[in-house]
Amino acid sequence: MVRARARPCAAASLLAALALPAQAQLDYALRISAPAPLDTLLEQNLDLQRFRESPRMDLEQLQRLVRVAPEQIRTLVATEGYYSPEVSATLERDGERPTVQIRVSPGEPVRVGEVELELQGFAYAPGLAPALQFDPAALKASWALKQGAVFRQNDWEQAKRGLLRQVVQSRYPRAQIAESSATVDPDQHVALLHVVLDSGPELRFGELRVEGLKRYPLSVVANLNQIQPGDYYNEAALQAYQTRLQDSGYFSSVEVSADSSAILNEQLAAAETPAKRDSNMAPLPLLVRVVENKQRNVSAGLGFSTNTGNRASLTYDDLSVFGLRMKSAMTLETKKQSAHSTLYFPTTPQGYNDSIGAAFERSDISGEVTSVASVAAKRSWGTPLLERNLSVELLTETKTLDGIPSSTSKSLPLTYGVTWRKLDNLLFPTKGYALNAQLGGALLPLLTDEAFVRGYARAVMYAPLGSSDNLILRAEAGALASRSKNGVPAVYLFRAGGDQSVRGYAFQELGVRVGDAITGGRYLTTASAEYQHWFRPNWGAALFYDAGNASDTFSTLRPKSGYGVGARWKSPVGPINVDMAYGHAVHKYRLHFSLGFTF
């Protein structure tokens, strides 16, 4: 029986030897005969390979390397679980160029036998929900290096790190591997593993401390904090808090941590007094360090959209307008022009994000020209996995169809929306789904010309088909109920067509025809299926089929189809899609450019 440990390396003595004066560099060949992956391991780590280009290499030094090579080979292959290899290293000098021949027959690998995990500490927490209690059985079951697996040194180290990582993320950030050993029996080809995991003191969060605030109120930081004094230490809670602060827009840099330096004296006393090592320590202050963004920011840009044409934009952000954050923008596009300004209140302690704003938008799409002025108030709350919002807006709209003034209307609708996300990656999803649903309307006669109720739902699903292929399914549906369509704002009616709808058709080209113009309908259905293949990690191609339409009645809601091929690129800001689609109903090809599918 032997303990698994690294053997002394011959590199130090070799370096000393190579430092001696030499007449000329010796050129020699190295041939390694060993099964994969041992051949690569030896090629990358053998001194015979490392010092081949040394200008001080001569025949004497080469012979020395050949003599010590078997011991070095045994040390290296042992890290891969082979403790009884047959090794030979010979120097052949028959030809003009000396050749070193290495032959390795690794034999049977050593496999993991009994695994003994000993847990010290980890006290039961009174008052903590059963689901949050520490579970020794689950921790032991998660041990990565299972019985029967080949005993590799790297797997052994990773298994210990993984075990420790699970513990230090909550309640016991000072946990450590107090003892670990691997007893290897080369004759039986078995390794017996023993690990002692010490929990260390149980830690809780204390008061909030903030550093770096100069221009903005403390509430900007404090209201986003969902960690209460007395809560158990939790690394995920720290990361979530840091993400909320980074997403707030007020800071260019954010660091959230538990301030262990604040209780340094108590830590030193605990380390010197064995009786205190397992006792609970004072709460760790919650330390937030921030670097504020500049208060005002102006930016301009140019662009192009296959939906709305050429684009020029100007934005102005001010992080402190009467204590609120203001975001304003003006966008001029070929088919649409808009301007808006919104004031965002600091997030409340309950997690609500409130905003008020005003906007104006003019659009000229498929012969329908609309001008809409609106003021709105909105409250949103939740997480990226489950977002909810409630909004109310007062809008007035002037609409012209096919060059003829049609109507002017006003409305005061209230809308509730919810978005569910269950995706493996929010930026580049390959598995999961996202679903958005909205229900609202204007039911009261107050500031409303035509009462209506409106429902809308949109879903997208991602399914992996092997390591390099994906299937994306997308669908949406909507319906509006009202006595008359006249007086209902066009923005609450439905149209289809465009990059994120039915490809092969112009933006919102599918709807209800009135003369030579297209206007919105009461009902909407669209669906899409897309197959993607990734030739490289960031480059892929797609085949897709879309169908859908909008209409005033179910009987006339006849889907129109589009299909084609596309290119995909995983850019730093999200997936960029370039598609060439054929609109079956219009018998035309159309180029589409879009950024992502998720919402």
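You'll find the ring centres of F554 and Y523 inside the 6.0 Å limit. When ring centroids are compared, Y531 and H533 stay outside the 6.0 Å threshold. If you look at W534 and W539, their ring centroids are not closer than 6.0 Å.
For the atom pair D546 CG and H592 NE2, the distance stands at 8.0 Å (nearest 0.5 Å). Expressed to the nearest 0.5 Å, how far CG of L446 lies from CG of L412 amounts to 5.5 Å. Of the inter-residue distances, the one linking L471 atom CG with K431 atom NZ reads 14.0 Å to the nearest 0.5 angstrom. Distance check: L224 CG to R244 CZ gives 6.5 Å after rounding to the nearest 0.5 Å. Considering CH2 of W420 and CG of N436, their distance stands at 8.5 Å, rounded to 0.5 Å.
Between Y216 and Y250, the ring planes are perpendicular. Angles over 60° get that label, and only those under 30° would be called parallel. Ring geometry for Y582 against Y563 counts as tilted: the plane angle lies between 30° and 60°, on a 0 to 90° scale.
You'll find the side chain of L423 reaches within 4.5 Å of the side chain of Y462, heavy atoms only. Counting only heavy atoms from C-beta outward, the side chains of L245 and F251 approach each other to under 4.5 Å. In this structure, the side chains of Y352 and S380 stay at 4.5 Å or more apart for every pair of heavy atoms. Contact of the L238 side chain with the L286 side chain is registered, since non-hydrogen atoms from C-beta on lie closer than 4.5 Å.
If you check the side chains of E368 and T519, you find a donor sitting under 3.5 Å from an acceptor. Residues R296 and S320 have side chains that never bring a donor and an acceptor to within less than 3.5 angstrom of each other. Of the N and O atoms on the side chains of Q295 and D318, at least one donor lies less than 3.5 Å from an acceptor on the other residue. Of the N and O atoms on the side chains of E361 and S338, not one donor lies less than 3.5 Å from an acceptor on the other residue. When only modelled atom types and interatomic distance are considered, D499 and T306 share a side-chain donor-acceptor pair under 3.5 Å.
Of all the heavy atoms in G455 and F494, the pair that sits closest is O-CZ, 3.7 Å. The shortest heavy-atom contact between P413 and E393 is CD-O, 3.1 Å. Considering every non-hydrogen atom in both P173 and Y233, the closest pair reads CB-CE2, 3.6 Å. Of all non-hydrogen atoms in L427 and P575, the two that sit nearest each other are O-CD, 3.4 Å.
Cation-pi check for R503 over F544 is met; the charged atom lies under 6.0 angstrom from the ring centroid and within 45 degrees of its normal. At least one cation-pi condition fails for R454 and Y492: the charged atom is not both under 6.0 angstrom from the six-membered ring centre and inside a 45 degree cone around its axis. For the pair R204 and Y232, the distance from NZ or CZ to the six-membered ring centre is under 6.0 Å and the angle to the ring normal is within 45 degrees.
Remark: K378 NZ is loosely packed, at most 12 non-hydrogen atoms of other residues, nucleotides or ligands lying under 6.0 Å away.
Applying the salt bridge (Lys or Arg N to Asp or Glu O under 4.0 Å) test between D449 and each of K410, R483, K485 identifies K410 as the sole match.
Counting only distance, with no hydrogens or angles, the side chain of R379 and the backbone of R388 share no donor-acceptor pair below 3.5 Å. In terms of modelled atom types and a separation under 3.5 Å, the side chain of S305 and the main chain of N307 share a donor-acceptor contact. Side-chain atoms of H340 never come within 3.5 Å of backbone atoms of G357 as a donor-acceptor pair (strictly under, hydrogens ignored). No donor-acceptor pair closer than 3.5 Å links the side chain of N577 to the backbone N or O of L595. A donor-acceptor pair under 3.5 Å links the side-chain atoms of S252 to the main chain of V291, judged by distance alone.
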